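Heads up: the structure comes next, in structure tokens.
Note that the numbering runs from 1 along the sequence shown for the chain. Source: prediction; values computed, not measured.
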Amino acid sequence: MPRPNGFTYTHHPNGTVTITHGPHPATTLRGPRATQFLTEVESGDPQLVMARWTGNYKRGNERTARNHPRNRH
């Protein structure tokens, strides 16, 4: 599975953090969640952290989908 990429975040002066994926906004964090995100993104892999915070991260059905007859080649 490829590593997540294409995520960026913007920290606004009012404390809000906006995470985007490509040109599209993925989520907005405010208050303590924004602070927790900023702490976590500085200490880990930023792309992986942003993928996890946006919910675009391993939903658990990857193996099932790979074995589906439609996806076999």
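Going from atom CG of Leu29 over to atom CD1 of Ile19 covers 4.5 Å, rounded to the nearest 0.5 Å. From Gln47, atom CD reaches atom CZ of Phe7 across 7.0 Å, with rounding to the nearest 0.5 Å.
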Are Gln36 and Leu38 close enough, and set up right, to give a side-chain contact (heavy atoms from CB on, under 4.5 Å), and what steps lead you there?
-> CA-CA 6 Å; Gln36 182 181 359; Leu38 291 170; over 6 Å; no
Apply side chain to side chain donor-acceptor pair (under 3.5 Å) to the pair Thr54 and Thr27, showing each step before the final yes or no.
-> CA-CA 6 Å; Thr54 59; Thr27 191; over 6 Å; no
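The ring pair (Phe, Tyr, Trp, His ring centres under 6.0 Å) check on Phe37 picks up Tyr9, Trp53, with sequence neighbours excluded. Scanning for side chain to side chain donor-acceptor pair (under 3.5 Å) contacts around Thr16 gives Asn14, with sequence neighbours left out. In this structure Thr18 satisfies the side chain to side chain donor-acceptor pair (under 3.5 Å) test together with His12, sequence neighbours excluded.
Of all the heavy atoms in Val17 and Ala34, the pair that sits closest is CG2-CB, 3.8 Å.
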